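Notes for the one structure printed next.
Predicted model only: the values in this text are computed from it and were never measured.
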Amino acid sequence: MSKQPSQQRPSPISATVDFEADGVQHGFLKLPISNDESAWGAVMIPVTVVKRGEGPTALLTGGNHGDEYEGITALQKLSSRLRAEDVQGRVIIVPMMNTPACTAGRRTSPMDGGNLNRSFPGDPDGSVTEKIADYFTRVLVPMSDVVLDLHSGGRTLDIIPFAASHVLDDAEQQRRALEGAKAFGAPYAIMMFELDAEALFDTAVERQGKIFVATELGGGGTSTPESLAITERGIDNFLVHYGLVEGELQVPDEPQIYLDMPDASCYVQSEHTGLLELTVALGDPVTQGQVIARVYDMTRSGVAPVEYRAERDGVLAARRFPASVNMGDTIAVIAEVVESLG
């Protein structure tokens, strides 16, 4: 049986920055390790703290998965341009939460195979990934008021650019998060349904009563000028919306589209292994019963493909990026267009 947080030892991670000091600080979250390459080593997770006076604290995170580059790049840029005189309160920037995965360009950590966003609330006596999750859960999240976690599709998915919130038991917490997702200013805002939310960073934050906004901002294991522009604009909007930075919200060129994911049937998962052909493009409208994908048997020719059909009306919100597909892979996500959220 896992220990309760009050029974756990302090995190082995130490910070080289003073979270209470005014000004701009660049440093590291240091996690001691010992392996064949470094007997007395440390995982060094970059962190920037920008603080001025009293006010809310925003925790901005990227690199929860190491192959999702929009958030990593935008937060690296923010860490070098945000000044203390611009801020009222405190902004904590962690561009690469799972630094081992980020430096390897992988979704998961090469040190232990850990998927950070499936490792919360974490364990100070667990694997490297579990120790990182524990530090965020017990140290950084409690000192924060609002949290923005920047994701994209990584190497295996491509996703329309959206900011998301979730259905919560606390109506006021849900309202504030949803308003933040809208204010981010991505082309889409979505009420997102997670397939299994128990071990997500999202859930660890929301259970502490904090405001949490997540994003998906592209994919394919790269970034584009367009996806980075959306990400950087969204981060600035997030800080303005929650009162950490003065300014006006920057709105998208086109009216924002609202999407809803009511249940797990939004996810279309392959029951076959083979070559994937998608018949609709990302962001295209789809209707219930429409063929959205075909999977071809790659062991022989002359065999008709298996067709996959949409179970609902909506838009193609996400798609598998590689053309090769295995049983169980999500090949498409269909979200419903709605007039309003919340």
Side-chain angles (χ1 to χ4, degrees), residues 1-19 27-49 57 59-69 71-72 75 92-144 147-152 154-156 166 194-210 212 214 328:
M1 182 179 294
S2 62
K3 297 179 180 179
Q4 295 298 315
S6 60
Q7 301 173 315
Q8 293 174 324
R9 71 177 176 115
S11 171
I13 294 177
S14 61
T16 67
V17 295
D18 180 354
F19 291 106
F28 299 95
L29 309 175
K30 297 173 60 175
L31 170 59
I33 59 169
S34 180
N35 55 31
D36 290 338
E37 286 72 39
S38 186
W40 292 350
V43 174
M44 307 287 282
I45 302 172
V47 61
T48 292
V49 182
T57 293
L59 174 61
L60 310 179
T61 56
N64 197 326
H65 294 129
D67 61 349
E68 300 176 1
Y69 294 107
I72 297 171
L75 290 181
I92 302 171
I93 305 168
V94 186
M96 295 174 286
M97 293 175 74
N98 194 348
T99 297
C102 294
T103 54
R106 293 171 44 171
R107 182 174 180 85
T108 58
S109 173
M111 301 190 75
D112 57 12
N115 181 337
L116 180 58
N117 210 31
R118 302 297 185 276
S119 299
F120 287 88
D123 184 348
D125 296 310
S127 66
V128 166
T129 302
E130 290 171 329
K131 289 174 180 176
I132 294 171
D134 170 72
Y135 183 84
F136 277 85
T137 300
R138 292 197 294 147
V139 179
L140 291 186
V141 172
M143 68 174 68
S144 304
V147 178
L148 174 65
D149 191 33
L150 297 160
H151 287 261
S152 52
R155 292 185 298 108
T156 64
H166 305 102
E194 308 283 359
L195 286 174
D196 184 3
E198 183 63 26
L200 297 180
F201 185 40
D202 316 35
T203 303
V205 175
E206 291 164 347
R207 283 179 174 166
Q208 294 188 39
K210 312 294 185 173
F212 183 87

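- Partner Thr61 forms a side-chain contact (heavy atoms from CB on, under 4.5 Å) with one of Asp149, Leu148, Asn98, Leu116 and no other, that one being Asp149.
- Heavy atoms only, all atoms of each residue included: Pro100 and Pro110 are closest at O-CD, 3.3 Å.
- Formation of a donor-acceptor pair under 3.5 Å by the Lys131 side chain with backbone atoms of Ile13 is not found in this model.
- Nearest heavy atom pair, residue Thr108 against residue Gly113, reads CB-O, 3.7 Å.
- Looking at heavy atoms from C-beta onward, Pro124 lies in side-chain contact with Pro12 at the 4.5 angstrom threshold.
- Here the closest heavy-atom approach between residue Thr129 and residue Asn115 is recorded as CG2-C, 4.0 Å.
- Scanning all heavy atoms of the two residues, the minimum distance from Ala39 to Ser34 falls at O-OG, 2.6 Å.
- Residues meeting the side-chain contact (heavy atoms from CB on, under 4.5 Å) test with Ala15, sequence neighbours left out: Val17, Phe19, Leu29, Tyr135.
- Counting only residues at least two apart or on different chains, the side chain to side chain donor-acceptor pair (under 3.5 Å) pairs with a member in residues 36-49 are His26-Thr48.
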*Intermediate values then yes/no, side chain to side chain contact (heavy atoms under 4.5 Å, CB included), Val94 and Val47*: CA-CA 5 Å; Val94 186; Val47 61; 4.0 Å; yes
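- Legend: ring pair (Phe, Tyr, Trp, His ring centres under 6.0 Å) pairs involving residues 93-113, not counting sequence neighbours: none detected.
- Between the side chain of Gln8 and the main chain of Asp125, no donor-acceptor pair closer than 3.5 Å is present.
- Within the 4.5 Å cutoff, side-chain heavy atoms of Met111 are placed close to those of Ile33.
- With sequence neighbours left out, the ring pair (Phe, Tyr, Trp, His ring centres under 6.0 Å) criterion links Tyr69 to no other residue.
- Every pair passing salt bridge (charged side-chain N to carboxylate O under 4.0 Å, His left out) that includes a residue from residues 102-117 is listed here, sequence neighbours excluded: Glu68-Arg107.
- Once rounded to the nearest 0.5 Å, the distance linking NE2 of His166 with CD of Glu206 reads 5.5 Å.
- For the pair Thr16 (side chain) and Phe28 (backbone), a donor-acceptor distance under 3.5 Å is present.
- In this structure, the side chains of Leu31 and Val128 come closer than 4.5 Å at one or more pairs of heavy atoms.
- Of the inter-residue distances, the one linking Phe136 atom CZ with Ser11 atom OG reads 10.5 Å to the nearest 0.5 angstrom.
- One finds the OG1 atom of Thr137 at 11.5 Å from the CD1 atom of Ile132 (value rounded to the nearest 0.5 Å).
- The heavy-atom pair separating Met96 from Pro46 by the smallest distance is CE-CG, 3.7 Å.
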*asked:* Determine whether Val43 and Lys30 satisfy the following criterion, side chain to side chain contact (heavy atoms under 4.5 Å, CB included), listing intermediate values before the conclusion.
replied: CA-CA 6 Å; Val43 174; Lys30 297 173 60 175; over 6 Å; no
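- Proximity of a side-chain donor or acceptor of Asn64 to a complementary backbone N or O of Asn117 within less than 3.5 Å is detected.
- Looking only at distances, no side-chain donor or acceptor of Thr203 sits under 3.5 Å from a matching main-chain atom of Ala199.
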*Determine, step by step, whether Phe201 and Val141 satisfy the side chain to side chain contact (heavy atoms under 4.5 Å, CB included) criterion, reporting the C-alpha distance in whole Å, the side-chain angles of both residues, the deciding distance to 0.1 Å, and the verdict.*
CA-CA 10 Å; Phe201 185 40; Val141 172; 3.8 Å; yes
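- At a threshold of 4.5 Å between non-hydrogen side-chain atoms, the residues Arg207 and Pro121 do not count as touching.
- Residues forming a ring pair (Phe, Tyr, Trp, His ring centres under 6.0 Å) with His65 (at least two apart in sequence, or on another chain): His151.
- Counting heavy atoms from C-beta outward, Pro95 and Ile93 have side chains that approach closer than 4.5 Å.
- Across all non-hydrogen atoms, the minimal contact from Ile92 to Met143 is CD1-SD, 3.6 Å.
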